[in-house]
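Beneath this line is the structure, given in structure tokens, with notes to follow.
Per chain, numbering begins at 1; letters A, B, ... match sequence-line order.
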Amino acid sequence: MRLTISTWNINSVRLRIDLVAKFVKAVRPDILCLQETKCPDDRFPLKRLRRLGYEHAALNGQRGYHGVAVLSRLPFDHVSIEGFGGKSDSRHVAVVIGERAGMRDPLTVHNIYVPAGGDAPDVNILVGDLNVAPLEHDVWSHRQLIDVVSHTPIECDRLNAVQRAGQWIDIMRMLVPEPTKLYTWWSYRSADWAAVNKGRRLDHIWVAPALGERVASMAVSKQTRGWPQPSDHVPVSATLEV
DNA sequence: ATGGTCGGCAACCGA
């Protein structure tokens with residue numbers, strides 16, 4: 001079974017629902033993980049997503065800020081939500097795709113918006129906007145961003161430590177190793193973002209060790225940054241043989 | 001060295 005998972009910090013799902021539609025028609029992910037939906041659950045555009053083929057939704061939204069959602073063509077066995085740092089911010093939602101979807105082995109997908117403070121056992125995939133670009137070539141200038149939040153040594157060291165502790169495989173860097181530059185975010189404050197290309201790799205897809213050899217492909221949908229009224233983040237997608 | 005731009009929601013906060 002081929003499974004495509006996409007992650008995208010959409011920066012308001014209601015404002016950019018047409019861009020979501022355009023993206024899913026092109027990439028056709030089975031599972032779409034969104035961050036910064038900025039949308040209470042009772043106002044989430046579920047009908048539109050259902051028409052696009054996503055009948056299943058796991059929402060953790062709030063008014064005004066943050067918010068994550070998993071949209072899926074496949075049913076969930078289980079949905080869970082964790083809080084981080086003792087706050088009620090909507091920054092995490094996890095789903096299990098298993099028996100009900102006809103999966104041989106259940107797959108847990110964690111959709112996260114912020115650094116995860118630690119690793120959790122029995123998880124398979126971790127995706128989302130972690131807001132850290134941990135490697136030298138995850139930013140346009142390692143030297144100029146060394147004091148800028150998202151690329152400071154303490155952030156990079158700790159994110160790399162979480163990755164090592166959980167033996168997570170960073171599939172973007174598995175398939176596109178350093179020193180190739182790899183970005184998923186370009187600031188709104190740069191007028192000519194493509195030409196200037198001062199990007200950062202803030203969005204990630206990590207898989208558990210056993211899934212490393214199941215990864216068939218990975219893609220960064222950079223073109224969405226050039227669409228009208230874009231998110232400042234672009235989608236990252238991975239296809240797994242599960 | 002500094003300011004530059006967004007979105008939500010109604011004066012700034014968060015990014």
Worksheet entry | Distance, rounded to the nearest Å, where A/Trp8 contributes CH2 and B/dA15 contributes P | 20 Å
Discussion item. Closest-nucleotide mapping onto DNA chain B: is A/Ser190 or A/Gly64 further toward the 5' terminus? I mean the 5' end.
Written reply: A/Ser190
Item to complete: Give the rounded distance in Å between these two atoms: CH2 of A/Trp193 and C1' of B/dC6.
Response: 16 Å
Practice prompt. Report yes if a side-chain nitrogen or oxygen of A/Arg63 is closer than 4.0 Å to either non-bridging phosphate oxygen (OP1 or OP2) of B/dA10; otherwise report no.
Written response: yes
Item to complete: Please report, rounded to the nearest Å, how far the P atom of B/dA15 is from the CH2 atom of A/Trp185.
Response: 13 Å
Give me, pair by pair, the N or O atoms of the protein and of nucleotides 12-14 of chain B that are less than 3.5 Å apart, along with how far apart they are.
none

Worksheet item: Does A/Arg16 place a side-chain N or O at less than 4.0 Å from the phosphate oxygens OP1/OP2 of B/dG7?
Response: yes
Practice prompt. Would you mind listing every ring-ring contact (aromatic ring centres under 6.0 Å, His included) that reaches into residues 138-164 of chain A, with sequence neighbours excluded?
Written response: A/His142-A/His151
Item to complete: Let me know the distance between CD of A/Gln144 and P of B/dA1, rounded to the nearest Å.
Response: 11 Å
Worksheet item: What distance, rounded to whole Å, do you find between the two C1' atoms, one in B/dA15 and one in B/dG4?
Response: 14 Å
Worksheet entry | Rounded distance (nearest 0.5 Å) linking atom CZ of A/Arg200 with atom OG of A/Ser141 | 11.0 Å
Fill in: Length of the CZ-C1' vector between A/Arg225 and B/dC6, whole Å
10 Å
Fill in: Of A/Thr37 and A/His233, the one whose closest DNA chain B nucleotide lies more 5'
A/Thr37
Worksheet entry | Qualifying salt bridge (charged side-chain N to carboxylate O under 4.0 Å, His left out) pairs, either residue in residues 42-67 of chain A, two or more places apart | A/Asp18-A/Arg48
Fill in: A/Val234, A/Asp129, A/Thr37 screened by side-chain contact (heavy atoms from CB on, under 4.5 Å) with A/Asn9, the one that passes
A/Asp129
Worksheet item: Just how far, in rounded Å, is P of B/dA15 from CG of A/Asn9?
Response: 10 Å
Item to complete: Return the value, rounded to whole Å, for the distance between atom CZ of A/Arg14 and atom C1' of B/dG8.
Response: 8 Å
Item to complete: Look at all strands and tell whether A/Gln229 reaches a base, only sugar-phosphate, or nothing, counting heavy atoms closer than 4.0 Å.
Response: sugar-phosphate
Fill in: Any pair counted as salt bridge (charged side-chain N to carboxylate O under 4.0 Å, His left out), so long as it reaches residues 230-242 of chain A, sequence neighbours left out
A/Arg2-A/Glu241
Item to complete: Write out all pairs satisfying ring-ring contact (aromatic ring centres under 6.0 Å, His included) with one or both partners inside residues 18-54 of chain A, taking only residues at least two apart or from two chains.
Response: A/Trp8-A/Phe23
Item to complete: For nucleotides B/dA10 and B/dG14, find the distance between their C1' atoms and express it as a whole number of Å.
Response: 15 Å
Worksheet, complete the sentence: Residues passing the salt bridge (Lys or Arg N to Asp or Glu O under 4.0 Å) test with A/Asp30, sequence neighbours excluded, are none
